[in-house]
S.K.: 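First the structure, which I've put down as structure tokens, then a few questions once you've had a look.
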Protein chains: 2
Amino acid sequence: MLTLSTVNVNGLRAAAKKGFLEWLAGTGADVICMQETRAEPDQLPEAVREPGGWHTALAPSSAKGRAGVAIYSRAEPEDVRTGFGSAEFDESGRYLECDFPGVTVASLYLPSGDVGTPRQDEKERFMKEFGEYLADLRERAVASGREVVVCGDWNIAHREVDLKNWKANRKSAGFLPEERAWLTEVFESGYTDVVRSLHPEGPGPYSWWSYRGKAFDNDSGWRIDYQVATPGLVARATEAVVERAPSYDQRWSDHAPVTVTYDF
Amino acid sequence: MLTLSTVNVNGLRAAAKKGFLEWLAGTGADVICMQETRAEPDQLPEAVREPGGWHTALAPSSAKGRAGVAIYSRAEPEDVRTGFGSAEFDESGRYLECDFPGVTVASLYLPSGDVGTPRQDEKERFMKEFGEYLADLRERAVASGREVVVCGDWNIAHREVDLKNWKANRKSAGFLPEERAWLTEVFESGYTDVVRSLHPEGPGPYSWWSYRGKAFDNDSGWRIDYQVATPGLVARATEAVVERAPSYDQRWSDHAPVTVTYDF
DNA sequence: CTTCTGAGG
DNA sequence: CCTCTGAAG
């Protein structure tokens, strides 16, 4: 049994002040992938950087206060690797892999952008490079008989059922035709969207609600956090939940943890 | 009877969220001089920009989020003037005058600096220019039979009794020999430190406690907020209080209001 | 609306 | 330690 959680914490320091550590103490997950830690290891309190019972792998961004991914695991990883061989992105705190027996778990934070801005161009460059890496990763997994799951904030809603307001967002970054097409390619290249495979019907479950306006209270959310896995894992996935907070004030991030149990 | 308060609000927007408006509603002051408003008029909520029963004169800095002085008064001023004729400082939100019958009330926010930094050089340039202006202001007051009081954050403790830890601060900006000498000059040129004249004994009353460490709880304060007045007002000053908050959490600024009643 | 930063205090 | 800012989300 392997239970995997992924959550964009929107600042690990802020999250820790608002309840992340209580969630961590209560979770049954074996591995937790985090995104947007937005901190150097030295900036984190001890209880966050090295919580008892967990091994922690951190990949901060070279730009202070930006991005940053991490993987916490009850078992010590066999190997830890940062980046995916990209000159542009390997120091940007967006990708981290940990190997466990028979399975590689990755934490991904795909750039977010706004249409017509340099950040959106960056997102597109990332998608291109990372897509190629995913193909390579899969080939190596097949060759070595390992499974792979890439957990994280992909910053793209795949289909209309993956966001509350798809009509209003047809021209919004995160739901652009080219972004959706890219995800489709990923999902047709030997990787599967595990939550959707367990819950074929939408709408949702959403995993992100903007802090702006009343998005959370109106459940005006997006499903942009995924566990994207190779077939051996998909076949063994038994349960998926999005741990939506009970109320606005009980949130410690604008994203909710996406947790999947694998009979592995 | 004229009651005058002066207080560095350390961000009028923040202060308003923490109790400034309640203090305003309860004060018996007729005129309130404020410093470090740190806001453009448009950034202020209506209840702060135009509270009922008050006339408000604002002199924001041209640099957003910095400095800024204001004068609130129950009576409408006869005249309002910003700056003191300085090319360098007139747009910096550091000086504002309001005329009332027989008396000119000014709100002053003297720059603060750190030894060896450009800000300290700026403070020194300000002291020099403003010292000359004070002499001129006094001459005009004498000639026209008006009184003058310059209220504000002068960012200088005058004597050893004016801060808790004078020995440790002999080389600190705000208690440098040259700054203290400058204040002595002011106080020997026809202006008087009204609070000290009513309370000749120190230590204190302090008007500022750093937010750092336990300065407030230890009463490790500085007296840097003054009402500096011409003789006709000094002679009529009957009572002076520093409205130190009852506890750390009840503060809405790191400074306390300094309130003087004049039998005028 | 929130989290960072860095300047300023 | 606190309040702004501006970038970012």
Side-chain angles (χ1 to χ4, degrees), chain A residues 8-18 20 35-40 43-44 60-61 63-68 92-94 109-115 117-120 122-123 153 155 172-174 208-217 220 222 224-225 248-249 251-255, chain B residues 8-18 20 35-40 43-44 60-61 63-68 92-94 109-115 117-120 122-123 153 155 172-174 208-218 220 222 224 248-249 251-255:
Chain A
N8 177 319
V9 295
N10 191 26
L12 189 46
R13 283 169 288 181
K17 287 182 185 158
K18 298 197 286 184
F20 167 75
Q35 302 85 38
E36 279 209 88
T37 51
R38 303 178 73 166
E40 317 264 320
Q43 296 177 307
L44 294 173
S61 168
K64 280 188 81 175
R66 307 278 174 75
S92 69
R94 298 195 173 270
Y109 177 45
L110 205 141
S112 86
D114 273 304
V115 174
T117 67
R119 294 268 150 204
Q120 185 65 17
E122 183 185 327
K123 183 176 185 177
D153 178 355
N155 265 315
S172 301
W208 172 75
W209 303 263
S210 171
Y211 273 130
R212 298 167 222 193
K214 307 193 202 313
F216 186 81
D217 290 334
S220 184
W222 294 51
I224 56 180
D225 300 278
Y248 186 96
D249 339 336
R251 295 201 292 174
W252 40 265
S253 171
D254 48 350
H255 296 248
Chain B
N8 177 320
V9 295
N10 191 26
L12 189 46
R13 283 170 288 180
K17 287 182 184 158
K18 298 198 286 184
F20 167 75
Q35 301 85 40
E36 279 208 90
T37 51
R38 303 178 74 166
E40 317 264 318
Q43 297 177 307
L44 294 172
S61 167
K64 279 188 81 176
R66 306 276 174 76
S92 69
R94 298 195 174 270
Y109 177 45
L110 204 140
S112 86
D114 273 305
V115 173
T117 68
R119 293 267 150 206
Q120 184 66 16
E122 183 185 326
K123 183 177 186 176
D153 178 356
N155 264 315
S172 301
W208 172 75
W209 303 263
S210 171
Y211 272 129
R212 297 168 221 194
K214 306 191 200 315
F216 186 82
D217 290 335
N218 297 341
S220 186
W222 295 50
I224 56 179
Y248 186 96
D249 335 338
R251 295 201 291 172
W252 39 266
S253 171
D254 49 350
H255 294 248

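Every chain is numbered from 1 and lettered A, B, ... according to where its sequence line falls, protein lines coming before strand lines. Predicted model, so just to flag it, every value in this text is computed and none were measured.
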S.K.: Do the rings of A:Phe216 and A:Tyr248 sit parallel, tilted or perpendicular, given the 30° and 60° boundaries?
M.R.: perpendicular
S.K.: Atom NZ of A:Lys123 to atom P of D:dG9: distance rounded to whole Å?
M.R.: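 Value for this atom pair: 10 Å.
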S.K.: Please name all residues satisfying side chain to side chain contact (heavy atoms under 4.5 Å, CB included) with B:Lys17, sequence neighbours left out, ordered by chain then number.
M.R.: none
S.K.: Looking at residues at least two apart in the chain, or sitting in another chain, which of them share a salt bridge (Lys or Arg N to Asp or Glu O under 4.0 Å) with A:Arg94?
M.R.: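 For A:Arg94 there are no salt bridge (Lys or Arg N to Asp or Glu O under 4.0 Å) partners, ignoring immediate neighbours.
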S.K.: With A:Lys64, which residues qualify under side chain to side chain contact (heavy atoms under 4.5 Å, CB included), at least two apart?
M.R.: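 For A:Lys64 the side chain to side chain contact (heavy atoms under 4.5 Å, CB included) partners, ignoring immediate neighbours, are A:Glu40, A:Gln43.
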S.K.: Give the rounded distance in Å between these two atoms: CH2 of B:Trp252 and C1' of D:dC1.
M.R.: 18 Å
S.K.: With A:Asp114, which residues qualify under side chain to side chain contact (heavy atoms under 4.5 Å, CB included), at least two apart?
M.R.: A:Thr117
S.K.: Rounded to whole Å, please give me the gap between CH2 in A:Trp222 and P in D:dG9.
M.R.: 15 Å
S.K.: Could you list the residues that satisfy salt bridge (Lys or Arg N to Asp or Glu O under 4.0 Å) with A:Glu122, not counting sequence neighbours?
M.R.: A:Arg119
S.K.: Mind checking B:Tyr248 for me? I need base, sugar-phosphate or nothing, with any heavy atom below 4.0 Å counting as a touch.
M.R.: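 The residue B:Tyr248 makes sugar-phosphate contact but no base contact.
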S.K.: Base contacts versus sugar-phosphate-only contacts with protein, heavy atoms under 4.0 Å: please encode nucleotides 3-9 of chain C as B, S and - from 5' to 3'.
M.R.: BSSSSSB
S.K.: From NZ of A:Lys17 over to C1' of D:dC1, roughly how many Å is that when rounded to an integer?
M.R.: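 So the two atoms are 11 Å apart, to the nearest Å.
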